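What you see is a predicted model, and the numbers here were worked out from it, not measured in a lab. Residue numbering restarts at 1 for every chain, and letters A, B, ... go by the order of the sequence lines.
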Amino acid sequence: MRKELAKNYAPREFEDRIYKNWCDKNYFAPDPDKKKPAFSIVIPPPNVTGQLHMGHALDETLQDILVRTKRMQGYSALWVPGTDHAGIATQIKVEENLRVNEGLTRYDLGREKFLERVWDWKNQYGTRIINQLKKLGASCDWNRERFTMDEGCSKAVREVFVNLYNKGLIYRGYRIINWCPRCLTALSDAEVEYAEQPGSFWHVRYPIDGTDEYLTVATTRPETMLGDTAVAVHPEDERYAHLVGKTLTLPLVGRKIPIIADEYVERDFGTGCVKITPAHDPNDFEVGKRHNLEIIKVMNDDATINSEYGGKYAGMDRYEARKVMVADLEAGGFLVKVEPCAHNVGTCYRCKTTVEPMTSDQWFVKMEPLAKPALEVVKSGEIKFEPERFTKTYTNWMENCHDWCISRQLWWGHRIPAFYCDECGEMTVSKEDISVCPKCGAPVRQEEDVLDTWFSSALWPFSTMGWPEKTEDLARYYPTSVLVTGYDIIFFWVARMIFSGMEHMGEKPFSTVFIHGLVRDAQGRKMSKSLGNGIDPLKVIDEYGADALRFALATGNAPGNDMRFSDEKIEAARNFANKLWNASRFVLMNLTEEDEELLKAPKDSELTIEDKWILARLNELTKSVNANIDNYELGIALGDIYSFTWDLFCDWYIEMAKSRIFDTGSPAALTAKRVLVKVLTDILKLLHPYMPFITEEIYQALPHTDESIVISAFPKYDEKLSYKTEEEDVDRIIGCIVAIRARRSEMNVPPSKKAKLFVVTKYEETFKTTAKILEKLASASEVIVTDSYDSDDAVAIATDAGTVYIPLAEVIDFEKERARLTAEAKKNDSEIERIEKKLANEGFVSKAPAAVIEGERAKLAKYLETRESLKAALAKLG
RNA sequence: GGAAGGUUAGCUCAGUUGGGAGAGCAUCUGCCUUACAAGCAGAGGGUCAUAGGUUCGAGCCCUAUACUUUCCACCA
């Protein structure tokens with residue numbers, strides 16, 4: 001007896017079991033067969049900060065679809081999994097945890113002890129994330145799992161750092177950077193998010209030395225005036241030309257500062273005079289460099305005013321100081337006016353604290369030489385963005401990016417391999433740890449700072465494959481085939497991987513960047529913790545199954561677009577799984593023969609027209625699915641599978657096959673079953689990349705040849721299987737059934753009320769061979785194919801294939817029927833008129849392709865036929 | 001300020017080289033038709049944002065406008 005599927009689709013019953021089996025059998029390891037072409041993806045490593053969210057679920061689903069497809073298509077497919085240490089984000093989490101549970105700060109523990117805690121956290125959450133990936137069905141090669149701070153990745157980081165340093169592409173310098181006063185670290189430009197905030201524009205006058213005059217400057221940040229070292233005007237501004245070179249006395253401070261001329265000033269904005277604070281504004285810093293101005297830093301790391309230059313404001317928070325200083329300016333008669341003004345404020349992307357631009361000693365990567373090849377490789381098309389429009393996002397950024405500040409004043413991360421000798425002042429950058437100065441032999445101390453977390457992620461495509469060693473994996477799987485990620489991290493990650501790959505490997509890290517959008521909630525809002533509108537993928541999996549979640553994420557959405565996630569979407573997905581489950585159950589419960597018998601391909605001569613029809617349609621589906629997946633149109637491919645499965649296979653083919661199947665033991669029954677097994681199996685295979693669990697569960701229950709569907713061959717288009725004529729025949733029959741059903745429905749004739757059907761058609765053969773099907777599906781008692789039918793008490797239904805008469809005098813409302821026929825005739829006439837007009841159009845006939853014209857002619861002929869049968873039907877009604 | 005999207009059925013969205021507009025959900029009608037009510041059979045519902053243009057032909061290509069989303073830059 002064949003194994004039966006459970007009556008109800010209950011994914012919880014089999015998903016975990018199946019996944020475990022896949023892992024036990026090691027199916028996800030790439031096939032070592034050298035003859036197979038390579039296909040590889042490295043996972044965008046999820047942060048070890050917490051758990052998987054919907055964005056991950058989407059990202060991993062898309063990757064898994066690609067990898068599973070390629071694996072089945074005969075590639076040696078590798079998907080490298082792993083996690084990211086996520087420096088600042090993880091450190092914040094652990095610190096928060098420490099604060100809440102133990103009331104301690106990281107300083108209370110000290111660097112070493114604190115790092116132990118972070119590793120504990122990493123072990124706990126890293127494992128959890130991996131388990132979540134498995135729940136989702138991700139077919140990663142777990143033997144190759146990596147972590148951005150594992151030994152190999154750390155080695156790669158050091159190698160890269162030292163190489164870049166030796167080439168002069170990494171340098172240490174005193175520059176203006178973005179500083180987060182809460183995280184107490186520098187941030188890169190990419191890590192600053194701008195948000196519009198209401199503020200004020202304070203107009204303050206600075207007295208000009210030696211006169212009674214003032215210069216009025218306008219500022220949104222009066223507290224920084226403690227660090228002003230000049231006031232600038234435009235060199236061609238006639239109002240102020242005579243003042244350039246004079247000095248001012250800085251109010252509240254009393255310091256003498258020069259009036260300078262610089263083109264950076266916009267004459268028409270504000271008063272045309274700008275206070276220059278090189279230590280606390282990036283533009284002012286540049287102006288200061290040009291004019292050799294002193295840099296006066298007035299804040300501490302926590303954004304309180306420092307004691308060195310703060311005077312009475314020392315120790316105050318920057319905002320408190322602002323308030324007090326404005327009051328003092330007003331009291332001193334320096335404040336001219338205050339205007340409300342909305343302005344963009346930079347905030348820390350991790351904690352949302354307002355970032356303070358300030359000067360600081362930091363490490364930087366020099367971008368210009370690195371950006372060049374990274375731009376070239378994209379412009380030349382060697383790396384393609386999918387969809388293409390994201391190319392511009394990338395190139396714009398790459399063309400305009402500044403040097404990358406890579407040092408972070410954190411503890412969690414790759415410690416910068418620079419060693420300072422306090423004895424002789426030498427700094428040594430080294431791949432290996434050193435304890436003494438190579439120059440003077442005195443003990444050295446290592447740089448306290450760690451690297452930006454994205455520094456190590458940038459190396460991910462090759463560090464995970466063993467670089468800097470020359471490994472087999474690198475030789476075979478680098479460059480990777482495709483990178484799948486959201487548009488939100490093109491700058492953070494994609495760009496940096498590209499220039500890193502070009503610089504260190506001399507080769508692009510991937511050929512295609514497949515970009516997807518954000519998963520939003522049902523109202524279209526971004527999912528976020530503060531809104532509490534996040535949907536937990538694990539809960540969805542628990543309730544609906546991983547397959548339904550994956551389906552919902554892969555369907556009804558164009559590449560690169562954001563998508564909404566809603567109950568109705570996941571329910572529709574689950575319903576589809578249920579449909580497939582039940583159809584499979586039906587097929588299985590009728591398979592009484594031996595597997596070998598059922599797996600035999602039926603001979604062409606045994607196939608009925610509906611068999612050929614479904615096989616031909618399956619063949620078309622196979623073609624389109626292969627093509628669409630190749631084009632990254634994953635949603636279209638899935639939509640095609642969906643409608644084939646539901647609308648053609650379930651609604652039509654299975655119904656059509658029933659009469660043969662139920663004829664137990666007959667050769668016709670066996671043929672039908674063979675076709676059912678073949679078509680269902682191919683559906684399962686085509687669907688497997690999207691819904692791996694249910695397809696495996698059913699595949700195992702069906703007669704099958706491969707040990708697992710995971711390693712079975714993906715269906716291929718087969719030219720031999722396009723049965724053109726039979727397809728048309730079945731379409732005619734279906735059109736006929738649909739028309740009959742519609743008419744019966746309109747007339748409220750239930751299926752239980754059987755009636756004779758008389759069919760007048762030129763496709764006699766077709767109707768005779770499918771009479772049984774027609775009978776069953778059109779709820780007829782008998783189907784009579786005839787040359788002509790002549791009865792007044794019948795409903796005539798004009799179809800593409802001919803006219804069907806239902807003698808149902810007792811249920812016909814003649815009046816209604818006449819009205820309906822008249823309306824239909826009118827509609828039909830207007831179609832005729834439209835096409836005739838089109839065909840009479842000289843331009844159309846001479847310029848349109850022949851096939852299009854031919855199509856129009858065929859349509860016209862059909863409509864003309866219909867007109868005749870409608871006329872006849874009306875005539876009969878009197 | 002720059003850039004890229006979006007505007008298609010009541011809702012959410014597809015629509016791959018231009019050749020008579022689709023799905024899911026919702027609504028309405030009729031069905032427990034022996035795989036499936038998480039279902040079956042039907043029905044209604046759209047001047048494809050607006051205005052021009054190219055074309056024999058435009059949801060699709062071009063121009064402009066309106067509204068909208070996002071990203072980047074930023075004048076202190």
Side-chain angles (χ1 to χ4, degrees), chain A residues 5 7-9 194 201 217-221 224 231-232 264-277 281-284 287 341 343-344 387 389-390 392-393 396-397 400 487-488 490-491 517-518 522 524 526 544 555-558 560-569 571-590 624 627-628 631 633 635-636 639 642-643 647 650-651 654-655 658 662 737-738 741-746 748-752 776-777 779 831 834-835 838 841-849 851-853 855-856 859:
Chain A
L5 293 178
K7 181 142 178 34
N8 294 309
Y9 169 60
Y194 288 87
F201 213 21
V217 303
T219 180
T220 55
R221 304 209 49 203
T224 63
V231 166
Y264 152 69
V265 180
E266 291 279 330
R267 272 170 284 184
D268 303 332
F269 189 82
T271 59
C273 306
V274 187
K275 63 193 265 316
I276 301 298
T277 322
D281 182 283
N283 290 307
D284 292 6
V287 174
C341 145
H343 60 144
N344 268 340
R389 66 173 185 271
F390 291 104
K392 208 158 182 178
T393 311
N396 280 349
W397 188 80
N400 298 308
Y487 58 69
D488 51 332
I490 290 176
F491 310 136
L518 268 36
K526 214 165 162 172
Y544 296 94
T555 194
N557 169 256
N561 288 1
D562 288 355
M563 66 185 305
R564 298 190 195 205
F565 195 88
S566 60
D567 286 348
E568 85 184 26
K569 210 162 189 175
E571 276 166 19
R574 187 268 323 265
N575 291 354
F576 175 65
N578 187 55
K579 184 73 182 175
L580 178 67
W581 185 264
N582 281 306
S584 304
R585 230 157 45 83
F586 172 78
V587 171
L588 281 167
M589 68 178 55
N590 286 290
S624 86
N628 280 312
N631 276 332
E633 290 284 4
I636 293 179
Y642 176 98
S643 53
D647 302 341
C650 293
D651 289 349
I654 288 183
E655 294 305 323
K658 275 181 180 171
F662 294 154
I737 295 168
V738 167
R741 281 174 177 172
R743 193 59 37 76
R744 292 180 60 120
S745 181
E746 277 168 30
N748 281 326
V749 186
S752 52
K776 183 164 166 38
L777 299 186
S779 308
E831 290 299 308
R834 193 184 56 75
I835 296 179
K838 201 168 183 178
N841 181 337
E842 183 66 31
F844 176 74
V845 179
S846 61
K847 290 186 182 167
V852 175
I853 297 172
E856 292 296 318
K859 269 189 261 174

Student: Please work out if A/Tyr194 contacts a base, only the sugar-phosphate, or nothing of the nucleic acid, heavy-atom cut-off 4.0 Å.
Tutor: base
Student: Tell me what A/Lys776 touches on the nucleic acid: a base, only sugar-phosphate, or nothing, going by heavy atoms under 4.0 Å.
Tutor: nothing
Student: Relative to each other, are the rings of A/Tyr487 and A/Phe390 parallel, tilted or perpendicular (30° and 60° limits)?
Tutor: parallel
Student: Using a 4.0 Å heavy-atom cut-off, does A/Tyr264 contact any base of the nucleic acid, only the sugar-phosphate backbone, or nothing at all?
Tutor: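 Base, at least one base heavy atom under 4.0 Å.
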Student: Any base atoms under 4.0 Å from A/Thr220, or only sugar-phosphate, or nothing? Heavy atoms, all strands.
Tutor: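 Contact class for A/Thr220: sugar-phosphate only.
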Student: Describe the nucleic acid contact of A/Val217 in one word from base, sugar-phosphate, nothing, applying a heavy-atom distance below 4.0 Å.
Tutor: nothing
Student: Counting any heavy atom closer than 4.0 Å, what does A/Ala218 reach on the DNA or RNA strands: base, sugar-phosphate only, or nothing?
Tutor: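 Here A/Ala218 touches the bases of the nucleic acid.
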Student: Could you tell me whether the side chain of A/Arg389 has a donor or acceptor atom within less than 3.5 Å of a complementary atom in the base of B/A4?
Tutor: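 Side chain to base: no pair below 3.5 Å.
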Student: Strictly below 4.0 Å: does A/Lys275 bring a side-chain N or O up to OP1 or OP2 of B/A76?
Tutor: no
Student: Do A/Asp281 side-chain atoms and A/Thr277 backbone N/O form a donor-acceptor pair below 3.5 Å?
Tutor: no
Student: What nucleic acid atoms does A/Asn561 come within less than 4.0 Å of, heavy atoms only: base, sugar-phosphate, or nothing?
Tutor: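 Sugar-phosphate only.
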Student: Heavy atoms, side chains only, cut-off 4.5 Å: are A/Ile490 and A/Trp397 in contact?
Tutor: no
Student: Which heavy atom of A/Asp647 sits nearest a heavy atom of A/Asp651, and at what distance?
Tutor: O-CB, 3.3 Å
Student: Remember a base hit wins even if backbone is also touched, and classify A/Asn578 as base, sugar-phosphate or nothing at under 4.0 Å, heavy atoms.
Tutor: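 The residue A/Asn578 makes base contact.
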Student: Would the distance check show the side chain of A/Asp562 and the main-chain N or O of A/Leu518 forming a donor-acceptor pair, the cut-off being under 3.5 Å?
Tutor: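 Yes, A/Asp562 side chain to A/Leu518 backbone: donor-acceptor pair under 3.5 Å.
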Student: Looking at A/Asn841, does any N or O in its side chain come under 4.0 Å of the phosphate oxygens OP1/OP2 on B/G57?
Tutor: no
Student: Among B/A76, B/G19, B/A14, find the nucleotide with the atom closest to the side chain of A/Asn557.
Tutor: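 It is B/A14.
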Student: For a quick check of understanding: with a heavy-atom distance under 4.0 Å over all strands, which category does A/Arg741 fall into, base, sugar-phosphate or nothing?
Tutor: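 Touches sugar-phosphate only.
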Student: I want to check something: taking the side chain as every heavy atom from C-beta on, are A/Val852 and A/Phe844 in contact at a cut-off of under 4.5 Å?
Tutor: yes
Student: Measure from CD on A/Glu568 to C1' on B/G10 and round the result to the nearest Å.
Tutor: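 The answer, rounded to whole Å, is 12 Å.
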Student: Using the closest heavy atom to pick a nucleotide of RNA chain B for each, name whichever of A/Phe491 or A/Asn8 lands nearer the 5' end.
Tutor: A/Asn8
Student: How long is the line joining NZ of A/Lys569 and P of B/C11, in whole Å?
Tutor: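 Result: 16 Å.
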Student: May I have the distance from A/Phe576 (atom CZ) to B/C25 (atom C1'), rounded to whole angstrom?
Tutor: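 Going from CZ in A/Phe576 over to C1' in B/C25 covers 17 Å.
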Student: Nearest whole angstrom, please: distance from the C1' of B/G39 to the CZ of A/Arg585.
Tutor: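 For the pair A/Arg585 CZ and B/G39 C1', the rounded distance is 12 Å.
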Student: Given B/A38, B/C36, B/A14, which nucleotide is nearest the side-chain atoms of A/Asn582?
Tutor: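 Nearest to the side-chain atoms of A/Asn582, counting from C-beta on, is B/C36.
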Student: Closer than 4.0 Å, any side-chain N/O of A/Arg744 to the OP1 or OP2 of B/G42?
Tutor: no
Student: Can a side-chain donor-acceptor contact be found between A/Thr555 and A/Lys569 if the only test is distance below 3.5 angstrom?
Tutor: no
Student: Contact class for A/Lys579 vs. all strands (heavy atom < 4.0 Å): base, sugar-phosphate, or nothing?
Tutor: base
Student: Using the C1' atom on both, measure B/G22 against B/G46 and round to a whole Å.
Tutor: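 To the nearest whole Å, 11 Å.
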Student: With sugar-phosphate meaning primed atoms plus P, OP1 and OP2, does A/Ile276 contact a base, only sugar-phosphate, or nothing at under 4.0 Å between heavy atoms?
Tutor: nothing
Student: Using purine N1 to pyrimidine N3 plus N6-O4 or O6-N4 for Watson-Crick, or N1-O2 and O6-N3 for G-U wobble, each under 3.5 Å, what pairs with B/A43?
Tutor: B/U27
Student: Nearest-Å distance, CG (A/Asp488) to C1' (B/C72)?
Tutor: 14 Å
Student: Applying a 4.0 Å non-hydrogen cut-off, can you work out what A/Asp651 is touching in the nucleic acid: base, sugar-phosphate, or nothing?
Tutor: sugar-phosphate
Student: Could you check whether A/Ala572 gets within reach of a base, just the sugar-phosphate, or nothing at all, counting any heavy atom under 4.0 Å?
Tutor: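 Sugar-phosphate, no base atom in range.
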Student: With nearest nucleotides of RNA chain B determined for A/Gly556 and A/Val587 from heavy-atom distances, which residue corresponds to the more 5′ nucleotide?
Tutor: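 Upstream on the strand: A/Gly556.
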Student: Both distances below 3.5 Å, Watson-Crick or wobble geometry, any strand: find the nucleotide opposite B/C60.
Tutor: none
Student: Rounded to whole angstrom units, what separation is found between the OH atom of A/Tyr642 and the P atom of B/A23?
Tutor: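 So the OH-P distance, A/Tyr642 to B/A23, works out to 11 Å.
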Student: When all nucleic acid strands are considered with a 4.0 Å heavy-atom cut-off, which category describes A/Glu831: base, sugar-phosphate, or nothing?
Tutor: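 It contacts base atoms.
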Student: Is the base of B/A14 touched by the side chain of A/Glu633 through a donor-acceptor pair closer than 3.5 angstrom?
Tutor: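 Check fails, no donor-acceptor contact within cut-off.
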Student: Without decimals, in angstroms, what is the distance between A/Asn396 CG and B/A4 P?
Tutor: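 After rounding, the gap between these two atoms is 8 Å.
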